[in-house]
Protein chains: 2
Amino acid sequence: MNTLSYGLLSLLTKNSRSGYELMQHIQPFWSAKHSQIYPLLAQLEQKGHVAFVHVAQSDKPDKKVYSITEQGKDALRGWIAEPTDEPVTRDELSLKVYCIGLVDKEQARKMLAVREVYYKKKKERFNLLMDKIQQGSEKPLDQLEIGDDAFGMYVLVHKATMKVDTDLYWCEWMKEKLK
Amino acid sequence: MNTLSYGLLSLLTKNSRSGYELMQHIQPFWSAKHSQIYPLLAQLEQKGHVAFVHVAQSDKPDKKVYSITEQGKDALRGWIAEPTDEPVTRDELSLKVYCIGLVDKEQARKMLAVREVYYKKKKERFNLLMDKIQQGSEKPLDQLEIGDDAFGMYVLVHKATMKVDTDLYWCEWMKEKLK
DNA sequence: CAGTACATGTAATGAGTTACATGATTTT
DNA sequence: AAAATCATGTAACTCATTACATGTACTG
């Protein structure tokens with residue numbers, strides 16, 4: 001059982017989903033390709049942590065919809081109680097910025113402009129996500145509590161939004177430095 | 001040539017260093033173990049991107065000090081000109097927070113308290129790093145420009161400090177939510 | 001004399017990406 | 001007719017961590 005396996009179980013506590021849907025919805029918090037997810041789902045099924053049903057679709061290809069079992073929920077609670085790994089970030093840009101003196105100002109500006117566009121798109125995605133959470137919630141978001149279904153998602157998207165704002169602020173600051 | 005190889009070359013543009021020292025200094029920007037670094041250095045040496053000399057030490061074990069070659073610098077400039085990979089972050093905590101409703105408030109608070117301590121230590125490390133950069137610089141840090149040796153390091157540590165402040169702010173915000 | 005920091009390496013294993021493979025359905 | 005999205009899977013490869021292996025020198 002690796003971290004991604006528990007991540008899939010985490011998502012399944014809120015909705016039953018297919019492997020394809022899990023792949024799409026886990027992206028903001030843990031990037032993973034379908035080739036990694038499908039074998040893990042098969043493993044989770046063998047262990048009894050999840051169960052699936054075949055769902056026929058007329059408009060799209062059929063799919064396997066997975067649900068978490070009680071056993072899976074127990075496994076999740078055990079995992080949450082364990083010490084949490086420290087976060088890992090790998091950003092190629094930081095290595096390039098470290099030796100940015102090797103290239104001219106113009107090239108440096110272009111490199112950072114590309115990244116700024118990336119951050120802006122990311123911010124837009126989080127804004128849309130926040131709208132979606134609000135639509136699915138009866139309460140105003142700032143009144144959600146730990147017991148509410150959307151609480152976890154809300155506080156995570158809030159964190160992600162704050163962090164991407166910080167990234168964008170740094171980009172602006174860098175533009176001044178490279179003037 | 002993977003990203004870490006270019007990262008090692010990036011560090012070597014500022015100082016000649018041993019594998020052990022490279023491992024220590026690359027940590028804030030790209031986490032890597034010595035077992036990954038030593039083989040890559042051997043590869044870089046074979047390709048002519050770096051050269052090393054044996055340095056005998058009386059107080060410590062002897063070491064191999066690597067320097068970047070002109071060919072290595074050319075390789076670096078080519079790499080900087082290429083499109084930059086998007087950053088990847090994997091944080092087990094975000095998956096646990098997503099389904100935080102599975103456990104009680106007290107356990108949730110404890111989990112976040114552990115993370116807050118981690119962020120505070122991290123902030124302290126960046127503060128020390130910033131002091132060290134100032135000590136090695138003639139100019140005040142906010143006057144450094146792209147041509148200055150410490151510029152890249154300065155802007156990166158500035159970014160890291162802003163981001164860890166955001167993380168700490170989120171921890172405070174979460175404490176209110178879990179009251 | 002035990003533990004820690006310094007120093008360098010290899011081997012085995014696990015995690016993650018890219019490529020291979022197939023096929024339905026909808027949109028352009 | 002081609003491209004995009006949905007859908008599931010396996011195979012090959014690269015990247016990263018943990019474990020194995022060895023040894024020096026200093027500190028408590």
Side-chain angles (χ1 to χ4, degrees), chain A residues 1-9 11 15-27 29-46 50-66 79 83-92 95, chain B residues 1-9 11 15-27 29-46 50-66 79 83-92 95:
Chain A
M1 289 289 288
N2 57 22
T3 307
L4 179 53
S5 300
Y6 288 113
L8 296 170
L9 288 181
L11 290 209
N15 302 99
S16 295
R17 293 191 190 278
S18 67
Y20 192 83
E21 288 164 346
L22 285 167
M23 174 195 64
Q24 292 177 313
H25 287 88
I26 208 166
Q27 292 311 321
F29 312 117
W30 195 279
S31 85
K33 315 281 174 180
H34 74 275
S35 56
Q36 204 181 359
I37 289 172
Y38 289 125
L40 290 181
L41 283 172
Q43 266 179 235
L44 287 169
E45 198 265 335
Q46 277 200 335
V50 299
F52 69 88
V53 284
H54 285 279
V55 172
Q57 297 184 116
S58 55
D59 52 334
K60 295 172 199 172
D62 300 350
K63 61 183 177 180
K64 286 162 80 172
V65 173
Y66 290 86
W79 166 68
T84 306
D85 283 345
E86 294 175 355
V88 178
T89 300
R90 283 179 222 272
D91 187 356
E92 195 176 20
L95 300 173
Chain B
M1 290 289 287
N2 57 23
T3 308
L4 180 53
S5 300
Y6 288 113
L8 296 170
L9 288 182
L11 290 209
N15 301 98
S16 295
R17 292 191 191 277
S18 67
Y20 192 83
E21 288 164 345
L22 285 166
M23 175 195 64
Q24 293 177 313
H25 287 88
I26 208 166
Q27 292 310 321
F29 313 117
W30 195 278
S31 86
K33 316 279 173 183
H34 73 274
S35 55
Q36 205 181 357
I37 289 172
Y38 289 123
L40 290 181
L41 283 171
Q43 268 179 234
L44 288 169
E45 198 265 335
Q46 277 200 335
V50 299
F52 71 87
V53 283
H54 284 278
V55 171
Q57 298 185 116
S58 54
D59 52 335
K60 297 172 199 172
D62 300 350
K63 60 184 177 180
K64 286 162 80 171
V65 173
Y66 290 86
W79 167 68
T84 306
D85 285 344
E86 293 175 356
V88 177
T89 300
R90 282 179 223 272
D91 186 357
E92 195 176 20
L95 300 174

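Just so it is clear: chains get the letters A, B, ... in the order the sequence lines come, proteins before strands, and each one is counted from 1. Everything numeric in this text was worked out from a predicted model, so none of it was measured.
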With sequence neighbours excluded, what pairs up with B/Tyr38 under the ring pair (Phe, Tyr, Trp, His ring centres under 6.0 Å) test?
B/His34
What pairs with B/Trp79 under ring pair (Phe, Tyr, Trp, His ring centres under 6.0 Å), at least two apart in sequence or on another chain?
B/Tyr6
Flag, side chain of B/Gln27 to backbone of B/Ala32, donor-acceptor distance under 3.5 Å
yes
Mind checking whether A/Leu22 and A/Leu41 have side chains closer than 4.5 Å, heavy atoms only?
yes
With a 4.5 Å heavy-atom cut-off, do B/Gln36 and B/Leu4 have their side chains touching?
yes
Go through the structure and list residues passing salt bridge (charged side-chain N to carboxylate O under 4.0 Å, His left out) with A/Glu21, not counting sequence neighbours.
A/Lys63
Nearest-Å distance, [atom1] ([X]) to [atom2] ([N])?
X       : N      : atom1 : atom2 : result
B/Asp85 : D/dT14 : CG    : P     : 16 Å
B/Leu41 : C/dA7  : CG    : P     : 14 Å
A/Ile37 : D/dC6  : CD1   : P     : 14 Å

Look for any protein N or O under 3.5 Å of an N or O in nucleotides 24-28 of chain D and output each such pair with its distance, or none.
unit_1 : atom_1 : unit_2  : atom_2 : d
D/dA25 : O3'    : B/Asp59 : O      : 2.6

Looking at OG of B/Ser18 and NE2 of B/His25, how far apart are the two atoms once the value is rounded to the nearest 0.5 Å?
9.5 Å
Rounding to 0.5 Å, atoms CG (A/Leu9) and CG (A/Leu44) come to a distance of 5.0 Å
Atom of A/Trp30, atom of B/Glu92 and distance for their closest heavy-atom approach
CZ3-N, 3.7 Å
For D/dT5 and A/Gln24 - does any side-chain N or O of the residue sit under 4.0 Å from the phosphate oxygens OP1/OP2?
no
Stepwise, does the side chain to side chain contact (heavy atoms under 4.5 Å, CB included) test hold for A/Ile26 with A/Arg17?
CA-CA 11 Å; A/Ile26 208 166; A/Arg17 293 191 190 278; over 6 Å; no
Where protein sits on nucleotides 8-16 of chain C, one letter per nucleotide: B base, S sugar-phosphate only, - none, heavy atoms under 4.0 Å:
BBBB---SB
Can you give me the bend angle of the helix from C/dC1-D/dG28 to C/dT28-D/dA1? Use the axis through the first five pairs and the one through the last five, nearest 10 degrees.
40°
